[in-house]
Each structure stands twice: as structure tokens, then as C-alpha cells.
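Any value given below was found using the heavy atoms of this structure, including those in side chains, with hydrogens, waters and symmetry copies removed.
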Amino acid sequence: MKIKRFLKWSSLAILLILFAWFEFAYWTSTNDCDQKTGAPTHPMKAIRYCEYGPPDEVLKLEQVEKPVPNDNQILVRVRAVSLRFYDGGMLQGGVGRLIFGLRKPKNTTPGSDFSGTVEAVGRNVTEFKPGDEVFGVRAGALAEYICVTASRAVVSKPGNVTFEQAASIPTALTALQGLRDTGHVKAGQKVLINGASGGVGTFAVQIAKAFGAEVTGVCSTRNLDLVRSIGADHVIDYTKADYTKSDQRYDVIYDLVNNRSFAERRRVLKPGGICVLAGVGGSGMHKETLFNMAGALTASLRSKFAKEKFVMFGVDINKKDLGILRDLTESGKIVPALTKTYPLTETAAAYTYLETGHASGKIAITIE
């Protein structure tokens, strides 16, 4: 009895402590929008959002202070920023509040995948010089200028693509690492990409082909030509056929949708095959998103007791892999499938389109 009473009161105490911590963290969550500052001395344009909400309500084009690079940074004149699948979720908050700020967003300038021109370098920087064209990943990229640590996620831009295309290349990290490090794709294997027409999917098709695989892409009717044009050997229109009911077997399924059961996908995997759980179906939060997330987690757990593996993975944003993607782009083995661009003044419209969850290829915002 004493043990039960102890456990009961201990559990209650832990819950009260967690509740108090959450309340404290929530009400102390703030951002630089709350700071009273005068007009910027060296102004630049930037997109900002001080509260969570719909893009057309919270995104504002404002004048802010131009940043100054430290000794290890480069100052980049941003020319383009591409949107990632999670960017819309950052604006709306939701479960993302646990990462981006409970009550208000911590980082008030969205965007991360950028391209641009080096304007100035810190005194310790030797790899870059003013005038160099670069691309990479840096939080708060939707601004005229950003400071980026030279030793981190920034590399020289491929000369054979536009700034808008270059800004979309970092998205391919998800495809590269998922196929290479998790799926272990090899030449001659049969690979199926479920969600082949999306931002990550279009890169996944091309990277799997670059590895020498025979690639099947699954997409909707309107995107069949797009997926064929980027090199897929076979395409399946999911509105007319279910890939899990075919007689074909695959070494690797790279699944960006997770809209099929564990048993259905396992059926079309070869013995010992791998299903890479890379997404949950488009951008933003939709009625099926949580169901797909639960399905991915369940499949990963169930596969521990099967020959066929269902594997989740995290993306490592690093300079080495950005360099690999640059080389693949320069050689023509991957071509960013940029399908829509917006000017900086129409950033809210770009986010609204992204959140439909049906955007094909990549979306970029141009900063003049």
C-alpha cells in the first residue's frame, strides 16, 4: 500500500512539475518583435512573422538592420530562397511550437535554403571572396542579406543553373542521404519513389538514377510527364493503379507519402528489401497527416520483427553532401525541377500555395 501511495503521489508531482514548466516556458516564449528599436541605420528588406497564423495574416515585408559578418562568416546578398515542406508548418505553429517556440516563433525570419553572391568576408575566411556565387542552408534566409559561417552549410553555386534552381538544391539532402545511407541503393536495383513529383521526390528520382538504379515513380495524372522528364524508367498513376497490388518487386521503396499499410508495402518488397520512410505526404498539416505519421512509426516498429526493414532517418545538413549535390548538378545528373517562382513581395502567396500539399517540384522566391 505504501508503495502504491508513493507511486501515485510521485506521478502526480511529476505531472504538476511538467505542467508548471510548460506554463513557464509558454508565457516566457518571446522574440525580437517585442523589443523596441528605432529605424535601422543600414536598412534591408526581410520577411518577418511575429505570431503564428495563416501566411497572409502573419508574413510582413519590413525594413530591418543589415547584418555584419564576424571573422568566420561571409555576408551573402541573397538572390533566391526555396521553400521546404515544413516551412508552412513553421508559420502555423501546431506541434512545431515545441521546436520553433511555444507561444511565439523564436526566429522571426523564415526560410533556410538560399543562393546568392558573397558581398564581404570575415578576416579568417579563405575559401570565399566577394563576388563568389554560393548556395546553402541558413535559418532566416528570406532577407536581402544573411551572414553564414563559411565552414558550415555553404558551397559554391553550380554554374549551369539559375539562382532559383540553386536555392532548391539543399532539399536534395533528404533524397541523397535517404537513398545512399538508409536505402543503400546500388546499381541494378529496382527502386520505387512514392511521391515522385514533389520537391524531394523529383530529386530522389534523379539521384536513384545517378546511382544506377531502375526507377519507378508514383504520382498523379497531371505529373506523369514531369516524372518521366526527370528520368524515371516507369511511372504509376496512383489515381488509376495501386503499386502495392502489382506483381513487381522492389529492392528499395523510398516513401514520401506513407499512405499504405505495412503489409501492403512489405508485399512488394523483395526479401530483405528496405522501405525508407522519408515523408508523410506533402506540405503543411492535413487531415491525413497525423494518420500517415502514425503509420510510419508503426511500420518502423513492426519491421524489427521482419526481414524487410522500414527505416526512419534524420537529415544531416553538412558541407560535404552539399558539395556532392553541387557536383551532380554540374555534371547534369540532377536538374532542379523548379516549377513556380514568386517575388519577395508575394511570399505569402508562395506559402499559401505550398500548404495546399499538392505542389509539384520546387517553389522559389526571388529577391531582387
Before giving the answer on side-chain contact (heavy atoms from CB on, under 4.5 Å), spell out for Ile193 and Val215 the whole-Å C-alpha distance, their side-chain angles and the decisive distance to 0.1 Å.
CA-CA 7 Å; Ile193 313 293; Val215 179; 3.9 Å; yes

Step by step, work out the side-chain hydrogen bond (donor to acceptor under 3.5 Å, both in side chains) result for Thr366 and Glu164.
CA-CA 7 Å; Thr366 301; Glu164 290 80 9; 2.9 Å; yes

Regarding [X] and [Y], do their side chains bring together a donor and an acceptor under 3.5 Å, going by distance alone?
| X | Y | answer |
| --- | --- | --- |
| Glu330 | Asn160 | no |
| Asn70 | Asn72 | no |
| Thr352 | Glu355 | no |
| His234 | Glu214 | yes |
| Arg138 | Ser112 | no |
| Arg265 | Asn258 | yes |
| Thr221 | Asp237 | yes |

If you draw the axis of the six-membered ring of Tyr353, does the NZ or CZ of Lys340 fall within 45° of it and under 6.0 Å from the ring centre?
yes

Check for me whether Lys157 meets the cation-pi criterion with Phe135, that is, NZ or CZ under 6.0 Å from the six-membered ring centre and within 45 degrees of the ring axis.
no

Using a strict cut-off of less than 4.0 Å between a Lys/Arg side-chain nitrogen and an Asp/Glu carboxylate oxygen, indicate whether [X] and [Y] qualify as a salt bridge.
| X | Y | value |
| --- | --- | --- |
| Asp132 | Lys129 | yes |
| Glu62 | Lys45 | no |
| Glu127 | Lys319 | yes |

Do [X] and [Y] have side-chain heavy atoms sitting under 4.5 Å apart?
| X | Y | result |
| --- | --- | --- |
| Cys219 | Leu224 | yes |
| Leu269 | Ile274 | no |
| Val64 | Pro40 | no |
| Tyr52 | Leu91 | no |
| Val335 | Thr329 | no |

Do [X] side-chain atoms and [Y] backbone N/O form a donor-acceptor pair below 3.5 Å?
| X | Y | value |
| --- | --- | --- |
| Glu57 | Pro54 | no |
| Arg79 | Arg77 | no |
| Ser82 | Ala167 | yes |
| Arg267 | Ser246 | yes |
| Thr162 | Gln165 | yes |
| Ser303 | Phe310 | yes |
| Ser331 | Asp327 | yes |
| Arg302 | Ala263 | no |
| Asn318 | Asp316 | yes |

Begin from the C-alpha positions of Phe128 and Val76 and carry the test side-chain contact (heavy atoms from CB on, under 4.5 Å) through to its verdict.
CA-CA 11 Å; Phe128 302 104; Val76 177; over 6 Å; no

Could you report the tightest heavy-atom contact between Ile334 and Leu325, atom names first, then the distance?
CD1-O, 3.9 Å

Closest heavy-atom pair, His184 versus Gln189, reported as atoms and distance to 0.1 Å, is O-OE1, 3.7 Å

Could you go step by step and tell me if Gln177 and Asp321 meet the side-chain hydrogen bond (donor to acceptor under 3.5 Å, both in side chains) rule?
CA-CA 8 Å; Gln177 294 171 8; Asp321 281 349; 3.0 Å; yes

Trace of the salt bridge (charged side-chain N to carboxylate O under 4.0 Å, His left out) decision for Lys186 with Asp251:
CA-CA 9 Å; Lys186 300 177 180 62; Asp251 298 282; over 6 Å; no

Could you walk me through whether Phe262 and Thr298 pass side-chain contact (heavy atoms from CB on, under 4.5 Å), step by step?
CA-CA 8 Å; Phe262 172 79; Thr298 301; over 6 Å; no

Verdict with reasoning, Thr117 to Val134, per side-chain contact (heavy atoms from CB on, under 4.5 Å):
CA-CA 6 Å; Thr117 305; Val134 296; over 6 Å; no

Could you walk me through whether Arg260 and Asp255 satisfy the salt bridge (charged side-chain N to carboxylate O under 4.0 Å, His left out) test, starting with their C-alpha distance in whole Å, then the side-chain angles of each, then the deciding distance to 0.1 Å, before giving a yes or no?
CA-CA 10 Å; Arg260 291 292 181 268; Asp255 199 343; over 6 Å; no

Pick from Asp113, Thr171, Thr202: which one makes a side-chain hydrogen bond (donor to acceptor under 3.5 Å, both in side chains) with Lys362?
Thr171

